[in-house]
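A short worksheet on the structure shown next.
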Amino acid sequence: MCPLCAVENGRIVEVMDIRGGRGMAGRLAVMGIFPGSRLRMIQNGRPGPVMVALDEKRFGIGYGMAHRIFVRPVTE
Amino acid sequence: MAEITICLGGNPNAGKTTVFNKLTGAHQKVGNWPGVTVEKKEGEYTYLGKTIRVVDLPGTYSLTSYSLDERIASDFLVKEHPDVTVVIVDASNLESNLYLAIELLELGANLVIDLNMMDVVRHKKWQLDVEKLSKTLGVPVIPTVAKKAEGLETLRQTILAARDHQPEPLKINYGLEVEEALSALTDLIKRSKDSSLYAPNRWLALKLLENNTQIKEWVRTLPKGEQIISKSEDLATALNDRLGRDVEAFVIEKRFGFISGLVRKCCRKPLGPEERISISDKIDQLVLNRWLGIPIFLVFMWFTFKLVFDLGNPLADYIDTGFSWLGGQTTALLGKNWFSSLLSEGIIGGVGSVLVFLPNILILFLMIGILEDCGYMSRAAFVMDRFMQRLGLHGKSSIPMILGFGCNIPAIMACRTLESPKDRILTILINPFMSCSARLPIYVLFAGAFFPRQSGAVIFSLYILGMVMAILTALLFNKLFFKGESSPLIMELPPYRLPTVKNIVMHMWHRASVFIKNAGTIILAGVIIIWLLASMPVGVEYASEQSWIGQIGKIFAPLFAPAGFGFWQAAVALMFGIVAKEVVVGTLGTLLAGGEEGLSEVLPQFFNGLAALSFMVMSLLYIPCIATIGVIRSETNSWKWTGLAVGWSLLVGWLSAVVLYQLGQLFA
Ligand SMILES: Nc1nc2c(ncn2[C@@H]2O[C@H](COP(=O)(O)OP(=O)(O)OP(=O)(O)O)[C@@H](O)[C@H]2O)c(=O)[nH]1
Ligand SMILES: [Mg+2]
């Protein structure tokens, strides 16, 4: 398990845990990002925000938040 | 009186406003980024003899809101109880877009689902079983391509036919633990509810467990409100323990579970490798690049101002010649009397010298329109996030800042999408330093008259100066007035789309008509007042120091002497510029030009190059116009912040102009 901001471009990962405040988890969840969602890293702008794909959607997630989303790699 | 009220809800950027415009024939702003609409907009249409009132809402992902614009949307969706709620669903992102629809079905809203963006779905060769979707959810589902008005006739029909439906609220099974808590809470609510809350009891209970603050406030108004709330909080805490996690997140995931089952039944996507990289992604790997991101943005900006000047100016010159000729003809035809003076000096000299810059302004809005339509705006938020966080701002603050190049008023309204109040207030306060299009005529006029060869560079540097002042102000204010963290960035990045010519031309035309309307109303009124004051008292030489306006100007002129323009006409122009920044040029036109001589030929008799520069700097920074001050007041809801914005900009503007002029003289 590693934070989202440590994932390399092109990798597919599964969200395991979101260690933020209650508001943050809710905010992400209604956008479809919660434990079990699959994300693909499009552009990791560390130490800036990261861009990930969730199905057809693309999200920009600030570094501070990407730091607290824990994921594990998915092997195809 | 409208017979039916409907509202358009949905996720940001799903196409709500596009549908609204197509239904009502309005021209509300559409753009390819989330957060274009930040307030309720109303319109009307008639269908089969019935008048239908339509409310276009800001976008929201759910009925729990995290920012002001989302709050406006969810408040309306939950509390206003429209006859029909049309949910615009972006069919190319079915799962996440259906979430709001499901929440509304649980509420028992009378729903019509508009499956928009079907062109994208077809292009991707997905198969969507619309019928099945509609059957399973028990509400009408209409596929549309709003941009091309496809399917809208069916939508109109369906809306009308649906007006009297009274659907049963959707019930999702949330599992034993949650259901137990729900029924306990539902009972409690049932016992104390009065008729003011039409929402189903189970739904209210569910929202309380989800910790939805808006619903909490609402329930609090019930006779035993406090008791219900405290009970719900106890239940939620117990549930958190039993489930081993937040019940809020748990419930949301259950809903998504329901949705994914639904989508699996109704939608088939051709199998493709998951790691397919789209063209949009490829562009992003360049545009969002760590090193290239900001330079790309600056190059685009530089190119914009180059175009504004190089392309706009020859056109502006034609118009200028036209007005000079008109002014000359007027005097020749009517002779020298007060009426011809009003026409040629007041109206043609004043309003004309502003209208001259229409081509420049059109090009500026063309470029902003392209930015908004292609999908770059949210990328700008992304690229700038790290930098903005350092200033104590937020990535999304860059969107109002870019919009400020057009006009500060909608830009300040756009700050509603910022989640944390601190980010929002700070972004509002620095926005007036972003140079709006009304200030452009000043630069084009002065740069053209004094620095014809470097005018592009001069104008570009003014814009940069405005940005630098905004940044410094943010740093300072953040230190002085705010504590606490910025909220982290989370923003959807819509796919790049080719801007449609029609949309951009419409947008441009709309802005142009605002500019022309201003010229015909507020600027006209301004220059007539100035002309009057310049002709009084009776018998005085027009626009001389002895005229009333000369007397007024002379009081303030010494204040500007250290900045190099200590003559009364400049003072008057700046004073009246507070009404609207275009009036600065209008005033100079009324007071200085006249007869055959154009304003740009007369200016060098009053300013030298350095003074011209410092006058431009002053005009850029010195105070927000009255309308902007009004919006700052209404959006911050505080005279304190408004006063700060005004006082600070006066200080910064004056100091910058003086420092520039004094330093320039030292080195010249
Ligand atoms: N391909 C395609 N694009 C569409 C369609 N309908 C709207 N759009 C585009 O989608 C983008 C968003 O449209 P808007 O109408 O501004 O969306 P909105 O839902 O009002 O967005 P917010 O006000 O930001 O919540 C614009 O670029 C539209 O041109 C459609 O049917 N197909
Ligand atoms: Mg909209």
Side-chain angles (χ1 to χ4, degrees), chain A residues 3-5 7-69 73-76, chain B residues 11 60-64 66 90 92-96 99-100 103 120 124 210-211 245-246 248-249 251-253 255-257 259 269 273-275 277-278 280-281 284-285 287-290 293 378-379 381-387 389 394-395 419 485-495:
Chain A
L4 184 62
C5 57
V7 175
E8 275 166 46
N9 287 359
R11 283 291 167 81
I12 298 172
V13 295
E14 186 186 321
V15 177
M16 303 296 291
D17 193 12
I18 293 168
R19 296 183 194 160
R22 198 166 169 186
M24 188 174 119
R27 176 86 181 136
L28 285 167
V30 294
M31 294 171 122
I33 302 175
F34 45 78
S37 328
R38 276 187 174 204
L39 304 175
R40 184 155 51 87
M41 180 64 69
I42 306 279
Q43 174 75 11
N44 188 333
R46 184 184 41 199
V50 303
M51 177 188 182
V52 293
L54 169 78
D55 292 324
E56 304 296 314
K57 281 212 181 193
R58 304 289 181 267
F59 289 107
I61 301 180
Y63 183 73
M65 196 183 258
H67 203 72
R68 287 180 278 176
I69 301 176
V74 173
T75 38
E76 291 295 290
Chain B
N11 283 19
T60 182
Y61 290 96
S62 76
L63 294 178
T64 308
Y66 296 87
D90 171 359
S92 65
N93 281 301
L94 203 52
E95 271 98 338
S96 45
Y99 184 83
L100 181 70
E103 272 194 305
V120 183
K124 292 190 172 172
E210 282 180 61
N211 194 27
R245 44 193 312 232
D246 256 357
E248 179 186 354
V251 166
I252 297 173
E253 286 159 37
R255 273 189 206 117
F256 271 108
I259 293 169
K269 304 178 184 176
E274 214 177 334
E275 61 272 18
I277 292 272
S278 65
S280 198
D281 290 338
D284 274 333
Q285 287 175 345
V287 170
L288 302 185
N289 181 284
R290 216 169 303 174
S378 39
R379 268 78 185 179
F382 184 99
V383 171
M384 300 299 290
D385 184 55
R386 202 171 138 233
F387 181 66
Q389 296 273 358
H394 186 273
E419 286 106 349
E485 295 258 305
S486 290
S487 58
L489 174 79
I490 163 85
M491 188 180 202
E492 204 178 324
L493 307 171

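Order of the sequence lines sets the chain letters (A, B, ...), proteins ahead of strands, with each chain counted from 1.
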(Q) Taking side chain as everything from C-beta outward and backbone as N, CA, C, O, which of these in L28(A) sits under 4.5 Å from a heavy atom of chain B? Side chain, backbone, both or neither. (A)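 The side chain, not the backbone.
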Q) At a heavy-atom separation under 4.5 Å, does N44(A) approach chain B through its side chain, its backbone, both, or neither? A)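 N44(A) touches chain B through backbone heavy atoms alone.
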Residue part contacting chain A, namely of [X], when any heavy atom lies under 4.5 Å:
{"X": "Y99(B)", "result": "side chain"}
{"X": "R245(B)", "result": "side chain"}
{"X": "S92(B)", "result": "backbone"}
{"X": "I252(B)", "result": "side chain"}
{"X": "E95(B)", "result": "side chain"}
{"X": "E419(B)", "result": "side chain"}

What distance separates [X] [atom1] from [Y] [atom2], expressed to the nearest 0.5 Å?
{"X": "I490(B)", "Y": "I69(A)", "atom1": "CD1", "atom2": "CD1", "result": "7.0 Å"}
{"X": "F256(B)", "Y": "I33(A)", "atom1": "CZ", "atom2": "CD1", "result": "9.5 Å"}
{"X": "D281(B)", "Y": "R58(A)", "atom1": "CG", "atom2": "CZ", "result": "4.0 Å"}

Q. Between L94(B), V120(B), N93(B), which is the residue that forms a side chain to side chain contact (heavy atoms under 4.5 Å, CB included) with E56(A)?
A.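 Filter result, single survivor: N93(B).
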Q: Provide the closest heavy-atom pair for L489(B) versus P49(A) in the form atom of the first, atom of the second, distance.
A: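 Looks like CD2-CB, 4.2 Å.
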Q: Please report the shortest heavy-atom distance between M51(A) and L288(B), naming the atom on each side.
A: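 Smallest heavy-atom distance, with atoms named: SD-CD1, 3.5 Å.
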Q) Is there a side-chain contact (heavy atoms from CB on, under 4.5 Å) between N11(B) and K57(A) once you walk through the steps? A) CA-CA 12 Å; N11(B) 283 19; K57(A) 281 212 181 193; 3.6 Å; yes
Q: Any chance you could lay out the side-chain contact (heavy atoms from CB on, under 4.5 Å) test for Q43(A) and D284(B), step after step, and finish with the verdict?
A: CA-CA 8 Å; Q43(A) 174 75 11; D284(B) 274 333; 5.8 Å; no
(Q) Just so I know, are the side chains of H67(A) and P488(B) near enough to count as touching, which here means a heavy-atom distance under 4.5 Å? (A)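 Counting from C-beta outward, H67(A) and P488(B) never come under 4.5 Å.
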Q: Count the heavy atoms of every other residue, nucleotide or ligand shown that sit under 6.0 Å from CZ of R11(A), and state whether that count exceeds 12.
A: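 Not buried by this count: 12 neighbours or fewer within 6.0 Å.
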